[in-house]
Amino acid sequence: MNHWLLKSEPDVFSIDDLKKQKTTLWDGVRNYQARNFLRAMQVGDLAFFYHSSTEPPGIVGLCQVLETHIADPSQFDPRSPYHDPRSSKDNPRWWTVRVGFVEKFERMITLGVLRAKFSPDELLLLRRGNRLSVMPVAAEVAERIIAMKGCR
DNA sequence: GCCAACGTTGGC
DNA sequence: GCCAACGTTGGC
């Protein structure tokens, strides 16, 4: 099983929204590196849910990959902000997954705490200038993060 | 709101 | 294929 980290602005879609909806299609990713990670996901993989552009930002919970290799429907929708005229149904450019809610952590693990506990080499999120919205998390690092939930 | 860092676009 | 210009992300 692989571990991942998914960024979302809570104003747009939050862990509470996912909890309410139970599952969601992780659509709208329009970055090739992020797309490649989405394509590498397997059913059962766990993903940390990260709130970005908040004060503070941080990991707020866990979700799980339920379904993989879904052609992102928003690329075909001319009214969607994610519409991509270069995509066709025969030859989709953007792929995604469906994720399900697993848990919301009692306390957010803030970016500051993550910086204190991990090095940028261990955790891609901490790399300078990192803007990826989908990224892998090494198994050992993921275990340590999970062990931190609920800790002060 | 600012701005550094990065990705993408498009002219050449 | 290069690279300047532009748009976006996201922490602060």
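Chain identifiers are assigned alphabetically (A, B, ...) following the order of the sequence lines, protein sequences preceding nucleic acid strands; residue numbering begins at 1 within each chain. Worth knowing before you read on, the calculation uses all heavy atoms, side chains too, and leaves out hydrogens, waters and symmetry mates.
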Task: Sub-4.0 Å heavy-atom contacts from residues 85-97 of chain A onto DNA chain B, ordered by number - done: A:Arg86

Does a side-chain N-to-carboxylate-O contact under 4.0 Å join [X] and [Y]?
X: A:Asp72; Y: A:Arg30; value: yes
X: A:Lys19; Y: A:Glu103; value: no
X: A:Arg144; Y: A:Glu122; value: yes

Open item on the list: Would you say that A:Asp16 contacts A:Lys104 through its side chain, given a criterion of any heavy-atom pair below 4.5 Å between the two side chains?
Closed with: yes

- [ ] Taking the side chain as every heavy atom from C-beta outward, state whether A:Tyr32 and A:Arg93 have any atom pair closer than 4.5 Å.
- [x] yes

Task: Gap between atom OG of A:Ser14 and atom NZ of A:Lys20 - 0.5 Å precision - done: 7.0 Å

Open item on the list: Just to verify, what does A:Phe49 make a ring-ring contact (aromatic ring centres under 6.0 Å, His included) with, not counting sequence neighbours?
Closed with: A:Trp26, A:His51

Task: Along DNA chain C, first and last positions that approach a heavy atom of chain A under 4.0 Å - done: C:dG7 to C:dC12

